[in-house]
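Just so we're on the same page: letters track the sequence lines, and every chain starts at 1.
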2 protein chains.
Amino acid sequence: MLSTQTSDSRVEANSTLHATSTEAGWQRQGKLWSNLKELCDVLRIPSAAIHTDEELLFQHVQFKTGQRIHTIGQPFDTLYIVHSGFLKTVLIDEFGNEQVLSFPMKGDLFGVDGIHTKRYASEAVALSNCDLILLPFKKLTALGRAHVEFEHAMYSVMSRELVREQAMVSMLGALSAEARVARFLVNLSERYAEMGYSSKLFNLRMTRHEIGSYLGLTLETVSRTLSAFNEIGLISVDQRSIGIKDLDSLKTLRRLPPSSSRAKQVASRKAKQLAQQERPEGEWGQVAGV
Amino acid sequence: MLSTQTSDSRVEANSTLHATSTEAGWQRQGKLWSNLKELCDVLRIPSAAIHTDEELLFQHVQFKTGQRIHTIGQPFDTLYIVHSGFLKTVLIDEFGNEQVLSFPMKGDLFGVDGIHTKRYASEAVALSNCDLILLPFKKLTALGRAHVEFEHAMYSVMSRELVREQAMVSMLGALSAEARVARFLVNLSERYAEMGYSSKLFNLRMTRHEIGSYLGLTLETVSRTLSAFNEIGLISVDQRSIGIKDLDSLKTLRRLPPSSSRAKQVASRKAKQLAQQERPEGEWGQVAGV
DNA sequence: CGACTAATTGAACCCCCTCAACCAAAGTGG
DNA sequence: CCACTTTGGTTGAGGGGGTTCAATTAGTCG
């Protein structure tokens with residue numbers, strides 16, 4: 001099983017470049033520079049039309065677990081692209097409470113919120129050792145003028161971020177706690193798959209508290225929900241280790257419809273063998289599974 | 001199942017003659033074209049460095065109350081800037097439930113979510129008669145290459161949208177119903193002020209249901225909260241008419257985790273409403289009841 | 001090994017939702 | 001003109017989903 005330990009930069013099979021740093025490249029000095037094509041590849045931007053003879057290079061920078069990449073109010077001048085590793089971005093309210101906004105990982109762009117006010121509106125913290133590509137905003141705008149495709153791509157990436165935020169708003173506004181946790185797991189699974197890791201077995205990089213903050217729940221509710229999913233066979237849980245057992249049920253898990261359907265706690269407790277549903281679409285899907 | 005008035009944009013017999021005095025200029029055909037400077041002004045973008053001799057013109061288009069500007073999945077090619085009027089953007093889930101994402105009004109940009117997938121990810125509906133400026137995406141990118149300031153401004157506007165969404169996520173994830181409604185009112189008040197309207201007395205353009213959807217609450221909770229604010233003197237409410245009475249209290253109203261903050265508000269209420277002890281103890285926190 | 005953080009689990013509470021009744025305003029049609 | 005319907009808003013009663021408080025266990029690091 002792919003232990004989701006410190007990120008392994010060799011997972012990128014598409015890139016033909018020689019692996020500069022062998023593995024665990026972050027701590028030595030990691031990769032130091034990327035060219036434009038590599039940058040586009042990481043961002044999942046079609047780099048076909050990019051002039052590969054471009055001289056432009058983009059600096060990398062490494063952060064260790066717990067380090068802060070930028071803080072709220074700090075003057076903005078560069079965007080960050082995750083080359084490897086895991087992070088969180090948080091808002092901090094007037095009482096010092098953290099509100100997790102996102103969990104950037106490979107291919108994700110962050111820092112965009114700083115463009116408007118020229119100061120970062122959020123704080124980014126490394127949840128693991130990270131290798132980030134620096135994308136100075138000035139260089140970005142210059143690139144946009146030089147390469148039409150790149151300009152379009154940057155708009156596209158920012159649009160993608162906006163759509164993602166919209167999905168978050170929709171989720172927070174309409175879904176039950178169980179549905180939120182289920183979607184969170186499915187989302188994580190898909191992102192791991194995109195990154196070349198196992199989508200069925202992975203380790204969470206964040207605490208229950210951070211998950212709860214991200215989903216608008218308390219850490220206890222997150223823990224309970226994971227335990228419930230474990231009991232009914234949707235997943236297996238052991239601390240940070242998550243095994244996806246029944247992806248379809250997780251995907252179709254919605255807000256528990258009105259009241260007629262069986263209580264969820266009953267299902268989790270004793271409904272291990274009553275896996276029948278007479279409805280065309282049991283909102284809980286196949287419970288039995290294994 | 002009931003599909004909601006598909007692209008048939010014909011609305012109720014709203015004669016073009018009878019003018020709604022609030023927003024003049026939309027009727028007939030309103031303004032037909034804006035130049036770049038006007039566009040920047042509406043977007044609150046510094047237009048100093050813009051060449052005023054620019055030939056480029058931007059077309060306007062008018063929509064009447066209830067009409068749909070774009071739908072989910074519709075091919076994307078243009079952004080919209082609100083010149084006058086009020087709208088809502090919504091997501092529609094698999095069961096047909098609307099999730100309100102934003103209430104665009106003068107100076108706001110929408111349609112950005114369509115850039116990424118080349119199809120609109122949300123639906124925009126006019127809540128009043130509207131005058132919109134069309135901003136074809138191709139024209140935008142061309143402008144960005146021609147005018148450095150404009151390119152920066154567009155990034156800035158998109159960044160602003162992202163920050164706004166982040167604030168929504170934070171609110172939905174952490175604030176109580178009362179705090180959400182209070183923030184919503186403060187936010188509305190400020191936006192009205194920016195637009196030159198009164199910040200103390202205005203009419204809501206949206207239903208309780210739409211407010212609730214936007215805030216992640218039910219319409220009943222919104223209604224009750226507004227009534228409660230009315231009772232303790234923070235606002236005055238009469239249907240769609242809102243009067244802001246105590247802006248500071250609205251601004252400082254937060255989640256009430258400990259009972260201390262509740263006690264404060266109770267005291268505030270008693271101080272202001274000592275006269276009436278007759279009515280049954282309201283829903284406002286079960287002060288003495290139970 | 002202790003000290004600390006993270007996670008699990010239980011019990012009680014309460015905020016908000018659900019369901020429901022009622023009201024007001026604005027159409028609609030006779 | 002007035003019944004009738006529709007839409008939007010208010011308010012009440014009750015229940016439940018999630019929080020809060022609290023105790024226990026597991027994992028981590030000095």
Side-chain angles (χ1 to χ4, degrees), chain A residues 65-66 97 127 172-181 203-213 215-231 237-242 254-269, chain B residues 2 4-5 11-14 18 65-66 97 127 172-181 203-213 215-231 237-242 255-262 265 279-287 289-290:
Chain A
T65 303
N97 303 319
L127 296 180
L172 293 176
L175 294 190
S176 68
E178 290 153 0
R180 294 183 207 183
V181 175
N203 285 324
L204 299 174
R205 297 321 215 291
M206 61 293 285
T207 68
R208 302 288 191 267
H209 180 75
E210 287 162 343
I211 296 174
S213 173
L215 298 177
L217 303 170
T218 60
L219 66 94
E220 293 97 330
T221 299
V222 174
S223 178
R224 269 186 260 269
T225 305
L226 290 176
S227 297
F229 286 172
N230 181 57
E231 275 190 57
V237 187
D238 180 41
Q239 300 288 110
R240 299 285 182 97
S241 169
I242 298 284
R254 298 281 179 252
R255 144 156 287 152
L256 307 187
S259 54
S260 57
S261 84
R262 57 208 101 149
K264 67 170 195 304
Q265 290 169 351
V266 175
S268 69
R269 286 291 174 190
Chain B
L2 283 176
T4 55
Q5 286 274 67
V11 205
E12 41 274 7
N14 212 353
H18 104 273
T65 304
N97 302 320
L127 295 181
L172 293 177
L175 295 190
S176 68
E178 290 157 1
R180 294 183 208 183
V181 175
N203 286 324
L204 300 174
R205 298 316 214 285
M206 61 294 284
T207 68
R208 302 288 191 267
H209 180 75
E210 287 162 343
I211 297 174
S213 173
L215 297 177
L217 303 170
T218 60
L219 65 94
E220 294 97 329
T221 299
V222 174
S223 178
R224 269 186 259 270
T225 305
L226 289 177
S227 297
F229 286 172
N230 180 59
E231 273 189 58
V237 188
D238 179 41
Q239 301 287 110
R240 298 285 182 96
S241 169
I242 299 285
R255 145 156 285 168
L256 25 167
S259 47
S260 59
S261 112
R262 159 170 307 179
Q265 289 165 354
R279 52 173 297 286
E281 273 307 330
E283 58 292 331
W284 209 84
Q286 293 90 337
V287 187
V290 184

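Nucleic acid contact for A:Thr221: base, since at least one base atom lies under 4.0 Å from a heavy atom of the residue. Across all strands shown, B:Gly216 has heavy atoms under 4.0 Å from sugar-phosphate atoms exclusively, and none from any base.
A distance-only check finds no donor-acceptor pair linking the side chain of B:Ser213 to the backbone of B:His209 [under 3.5 Å]. Although no hydrogens or angles enter the test, the distance criterion places a donor-acceptor pair under 3.5 Å between the side chain of B:Arg180 and the main chain of B:Leu215. A distance-only check finds a donor-acceptor pair linking the side chain of A:Arg208 to the backbone of A:Gln239 [under 3.5 Å].
In this model, the phosphate group of D:dT11 is approached by a side-chain N or O of B:Ser227 to a distance below 4.0 Å at OP1 or OP2. Contact between the side-chain N/O atoms of B:Thr218 and the OP1/OP2 oxygens of C:dC17 is found at a separation under 4.0 Å. An OP1 or OP2 oxygen of C:dA7 is reached within less than 4.0 angstrom by a side-chain nitrogen or oxygen of A:Arg240. Listed pair B:Arg208 / D:dT7 fails the phosphate criterion, with no side-chain N or O lying under 4.0 Å from OP1 or OP2.
In this structure, CG of B:Asn230 is placed 15 Å from P of D:dG9, rounded to the nearest angstrom. For the pair B:Leu219 CG and D:dT11 C1', the computed distance is 12 Å after rounding to whole Å. With rounding to whole Å, A:His209 atom NE2 is found 13 Å from C:dA7 atom C1'. Whole-Å rounding puts the A:Leu175 CG to D:dG18 P distance at 11 Å. Atom CG of B:Leu217 and atom C1' of D:dG17 are 15 Å apart (whole Å). Here the P atom of nucleotide D:dG17 and the CG atom of A:Leu215 are 18 Å apart, to the nearest Å. One can place CD of A:Gln239 at 17 Å from P of C:dT5, the figure rounded to the nearest angstrom. The distance between atom CZ of B:Arg180 and atom P of C:dC15, rounded to the nearest whole Å, is 14 Å.
From B:Thr207, atom OG1 reaches atom CG of B:Leu127 across 8.5 Å, with rounding to the nearest 0.5 Å.
Checked against salt bridge (Lys or Arg N to Asp or Glu O under 4.0 Å), A:Glu220 has no partners two or more places apart in sequence or in another chain.
Side-chain N/O atoms of B:Arg224 and base N/O atoms of D:dG9 include no donor-acceptor pair closer than 3.5 Å. Judged by distance alone with a 3.5 Å cut-off, a donor-acceptor contact links the side chain of A:Glu220 to the base of D:dC21.
Between A:Ile242 and A:Val237 there is a side-chain heavy-atom pair separated by less than 4.5 Å. Residues A:Leu226 and A:Val222 have side chains in contact (heavy-atom distance under 4.5 Å, counting atoms from C-beta outward).
A residue-by-residue look at A:Ala177 and B:Val237 shows that B:Val237 has its nearest nucleotide of DNA chain D further toward the 5' end.
Computed from C1' positions of five pairs at each end, the angle between the two local axes of the helix from C:dC1-D:dG30 to C:dG30-D:dC1 equals 40°, rounded to 10 degrees.
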